[in-house]
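Each remark here refers to the structure printed beneath this line.
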Amino acid sequence: MLLGGFDIGGTKCAAVLGIAEGGRVDILAKRGFPTPPTPAEAIRQFGEALGELLSKHTETGPLQAIGISCGGPLDSRRGLVLSPPNLPGWDGIDVVTPLRERFGVPVALQNDANACALAEWRWGAGQGVANMVFLTFGTGMGAGLILNGSLYAGITDMAGEAGHMRLENDGPVGYGKAGSFEGFCSGGGIARLGRAMAERRIREGGTTAICPDAAGLEGITAKAVFDAANDGDALALEVVGIVGRKLGRGLALLIDLLNPERIVIGSIYARQEALLRPIVMEELAREALPLSLAACEIVPSGLGEHVGDAASLSVALYALG
């Protein structure tokens with residue numbers, strides 16, 4: 001089954017062409033381009049890019065559907081993008097109709113966390129379960145929910161905004177809220193936490209491999225924190241310990257509330273599972289209901305770094321019902 005996908009990001013977009021067969025998806029081709037200054041130009045460029053990809057793969061059969069993955073908020077039922085913070089000017093933009101009219105196939109829109117959840121459920125680490133949570137744990141912290149064998153988006157497509165949950169009264173800011181799940185468990189949040197703790201250490205006359213001196217504080221990233229932790233730096237390991245405990249606490253809330261069979265975690269957790277998992281599981285043993293925890297697997301993304309490419313294609317498959 002030939003599927004097309006469109007991933008809309010704040011700085012870059014991509015057109016993807018893939019074939020879905022059984023429990024797997026193969027990416028045939030991809031073309032990325034910087035996010036254009038206007039929605040109309042983005043839709044036009046996507047149409048051209050997908051058309052070009054299709055012209056080079058005529059032997060694969062006709063296109064069956066198109067899926068669009070985009071950061072929220074949005075209205076999936078009407079196919080509207082509703083002013084995402086990383087897409088200025090995308091105010092009530094209908095991205096579905098122009099593509100449906102151009103290509104003559106079903107077109108569907110989902111937010112990026114839901115799209116990734118569908119991809120992992122169909123083709124990745126969520127295969128074979130009816131109740132699954134996918135956590136992005138990358139630039140931000142969002143969740144996609146598969147409940148009773150169906151995507152659950154909520155009445156306004158806002159279900160799964162796990163990053164907005166407050167875990168502490170104070171802490172790194174994420175999703176506009178200090179001490180939030182996203183504040184502790186996202187790339188930006190980890191960088192801010194690492195920066196604050198490194199600054200304190202340096203001010204007290206100590207050192208850390210996270211950054212050599214005060215001049216490097218602003219350049220601290222989540223990767224720098226984890227690289228230092230993997231090398232055994234004491235302060236970096238302290239930061240990772242905080243992140244792991246907050247991740248465990250957030251997972252406990254989801255497990256107690258939703259009682260899922262599996263939680264699939266992408267990006268940072270998938271890359272740093274060896275460091276994070278023991279801390280997470282220890283916190284879960286303290287915080288989650290034992291019966292619910294025993295029934296739930298915590299696993300990294302099965303699609304790994306390719307989950308973003310598969311996400312929009314999973315929305316295309318979803319469009320076919």
Return yes when atom [atom1] of [X] has more than 12 non-hydrogen atoms of other residues, nucleotides or ligands closer than 6.0 Å, and no otherwise.
X      : atom1 : answer
Asn169 : CG    : no
Tyr152 : OH    : no
Arg166 : CZ    : yes
Asp170 : CG    : no

Distance (rounded to the nearest 0.5 Å) between [X] [atom1] and [Y] [atom2]:
X      : Y      : atom1 : atom2 : value
Ser186 : Phe181 : OG    : CZ    : 10.0 Å
Ser150 : Asn131 : OG    : CG    : 10.0 Å
Gln45  : Thr35  : CD    : OG1   : 9.5 Å

Looking only at heavy atoms, what is the nearest atom pair of [X] and [Y], with distance?
X      : Y      : result
Gly302 : Ala125 : N-CB, 3.5 Å
Ile220 : Val225 : CG2-CG2, 4.1 Å
Ile263 : Cys296 : CG1-SG, 3.8 Å
Ile298 : Arg277 : O-NH1, 2.8 Å
Ala288 : Leu293 : CB-CB, 4.1 Å
Glu41  : Pro36  : CG-CB, 3.5 Å

Partner set under ring pair (Phe, Tyr, Trp, His ring centres under 6.0 Å) for His306, not counting sequence neighbours: none
[X]: what forms a salt bridge (charged side-chain N to carboxylate O under 4.0 Å, His left out) with it, not counting sequence neighbours?
X      : result
Arg195 : none
Glu282 : Arg286
Lys177 : none

Charged N-O contact under 4.0 Å between [X] and [Y]:
X      : Y      : answer
Glu168 : Arg249 : yes
Glu283 : Lys246 : no
Arg78  : Asp94  : no

Are side-chain heavy atoms of [X] and [Y] found at a separation under 4.5 Å?
X      : Y      : result
Trp123 : Leu317 : yes
Leu3   : Val16  : no
Met132 : Pro260 : no

Given the side-chain rings of Phe137 and Tyr269, with only the six-membered ring counted for Trp, is the space between their centroids under 6.0 Å? no
Evaluate Arg200 against Glu204 for salt bridge (Lys or Arg N to Asp or Glu O under 4.0 Å), listing each step before the verdict. CA-CA 6 Å; Arg200 188 183 315 119; Glu204 293 170 350; 5.3 Å; no
Hey, what's the ring geometry for Phe46 with Phe6, parallel, tilted or perpendicular (30° and 60° as the breaks)?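 Answer is parallel, since the angle falls under 30°.
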Between [X] and [Y], does any side-chain donor sit less than 3.5 Å from a side-chain acceptor?
X      : Y      : value
Asp233 : Thr208 : yes
Asp157 : Gln110 : no
Ser69  : Asp112 : no

Once side chain to side chain contact (heavy atoms under 4.5 Å, CB included) is applied, do any residues pair with Asn86, and if so which ones, sequence neighbours excluded?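 Side chain to side chain contact (heavy atoms under 4.5 Å, CB included) list for Asn86, sorted by chain: Pro84.
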Suppose we screen for side chain to side chain contact (heavy atoms under 4.5 Å, CB included). Which residues come up paired with Ala113, at least two apart in sequence or across chains? Asn111, Thr136
The test is salt bridge (Lys or Arg N to Asp or Glu O under 4.0 Å); show your working for Glu297 and Arg262 and say whether it passes. CA-CA 5 Å; Glu297 294 180 278; Arg262 199 167 296 163; 2.9 Å; yes
side-chain hydrogen bond (donor to acceptor under 3.5 Å, both in side chains), that's the test. Do Ser83 and Asp91 meet it? Break it down for me. CA-CA 4 Å; Ser83 308; Asp91 306 320; 2.6 Å; yes
